[in-house]
**Q** 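This is the structure I have questions about; it appears just below.
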Amino acid sequence: QVQLVESGGGLVQPGGSLRLSCVASGSIFSIYNMGWYRQAPGKQRELVAAITSGGITDYADSVKGRFTISRDNAKNTVYLQMSSLKAEDTAVYYCLAAWKYWGQGTQVTVSS
């Protein structure tokens, strides 16, 4: 079992930036593929970004060029750097490990 704890969400103005963090329990974090998902009110949960154990990344078209996913295996942590935020980025952001373990989510609200 893997436990994930997200942090870094909050309220930010359009055009602003936030960095989300997700810390995983366990000693084999480095072998996990990791992902960030988000779910806006009334919408399905969607993949935002993913990073493989080897560091290969992929992004949803809606965030390409604005968001960056990275990982620090020494800290069992995956990050999502979000820049040029838009109102439509408002959602609860969830961390996913090994395509089956979910965090509790962190709220991101983009509003003036």
**Q** Which atoms form the tightest heavy-atom contact between V2 and A24, and what is the distance?
**A** CG1-CB, 4.2 Å
**Q** According to the salt bridge (Lys or Arg N to Asp or Glu O under 4.0 Å) rule, which pairs have a member within residues 72-88, sequence neighbours left out?
**A** none
**Q** Between S25 and N76, is there a side-chain heavy-atom distance shorter than 4.5 Å?
**A** no
**Q** Listed by chain and number, what are the side chain to side chain contact (heavy atoms under 4.5 Å, CB included) partners of S84, not counting sequence neighbours?
**A** R66
**Q** Could you pull out all donor-acceptor pairs under 3.5 Å where a side-chain atom in residues 49-57 meets a protein atom, sequence neighbours excluded?
**A**
unit_1, atom_1, unit_2, atom_2, d
T52, OG1, G54, N, 3.2
T52, OG1, G55, N, 3.3
T52, OG1, I56, N, 3.0

**Q** Among residues at least two apart in sequence or on other chains, which ones pass side chain to side chain contact (heavy atoms under 4.5 Å, CB included) with V110?
**A** V12, P14, L85, D89, T90, V108
**Q** Taking only residues at least two apart or on different chains, which pairs with a member in residues 63-84 satisfy ring-ring contact (aromatic ring centres under 6.0 Å, His included)?
**A** none
**Q** Should Q81 and S83 count as side-chain neighbours, where that means a heavy-atom distance under 4.5 Å?
**A** yes
**Q** Of all residues at least two apart in sequence or in a different chain, which pass the salt bridge (charged side-chain N to carboxylate O under 4.0 Å, His left out) check with K64?
**A** D61
**Q** Looking at every heavy atom in both T77 and S21, which two are closest together, and how far apart are they?
**A** CG2-CB, 4.3 Å
**Q** Residues two or more places apart in sequence or in another chain: which of them pass side chain to side chain contact (heavy atoms under 4.5 Å, CB included) with A87?
**A** none
**Q** Within the 4.5 Å heavy-atom criterion, are M82 and S17 side-chain neighbours or not?
**A** no
**Q** Holding to side chain to side chain donor-acceptor pair (under 3.5 Å), I want the full list of residues that pass it with Y93, two or more places apart in sequence or in another chain.
**A** R38
**Q** Heavy atoms only: give me the nearest L4-M34 pair and the separation to one decimal.
**A** CD2-CE, 4.3 Å
**Q** Give me the other members of the hydrophobic cluster that W102 sits in, counting Ile, Leu, Val, Met, Phe, Trp and Tyr linked by side-chain heavy atoms under 4.5 Å, directly or via other members.
**A** Y37, L47, V92, Y94, L96, W99
**Q** Under the side chain to side chain contact (heavy atoms under 4.5 Å, CB included) test, which residues partner L11, sequence neighbours left out?
**A** T109, S111
**Q** Please identify each residue that fulfils side chain to side chain donor-acceptor pair (under 3.5 Å) with N73, with sequence neighbours left out.
**A** R71
**Q** Going through the checks in order, is the side-chain contact (heavy atoms from CB on, under 4.5 Å) test met by L80 and T68?
**A** CA-CA 6 Å; L80 185 67; T68 302; over 6 Å; no
**Q** Which pairs count as ring-ring contact (aromatic ring centres under 6.0 Å, His included) when at least one residue sits in residues 11-31, sequence neighbours excluded?
**A** none
**Q** Hey, what do you get for CD (Q1) to CD (Q3), rounding to the nearest 0.5 Å?
**A** 7.0 Å
**Q** Go through the steps to decide whether L20 and S7 satisfy the test side-chain contact (heavy atoms from CB on, under 4.5 Å), and finish with yes or no.
**A** CA-CA 6 Å; L20 305 183; S7 62; over 6 Å; no
**Q** Before you tell me yes or no, could you show the steps for W36 and V78 under side-chain contact (heavy atoms from CB on, under 4.5 Å), namely the whole-Å CA-CA distance, both residues' side-chain angles and the distance that decides it to 0.1 Å?
**A** CA-CA 9 Å; W36 283 98; V78 62; 3.9 Å; yes
**Q** Please answer whether the main-chain N or O of C22 pairs with a side-chain N or O of E6 as donor and acceptor at a distance below 3.5 Å.
**A** no
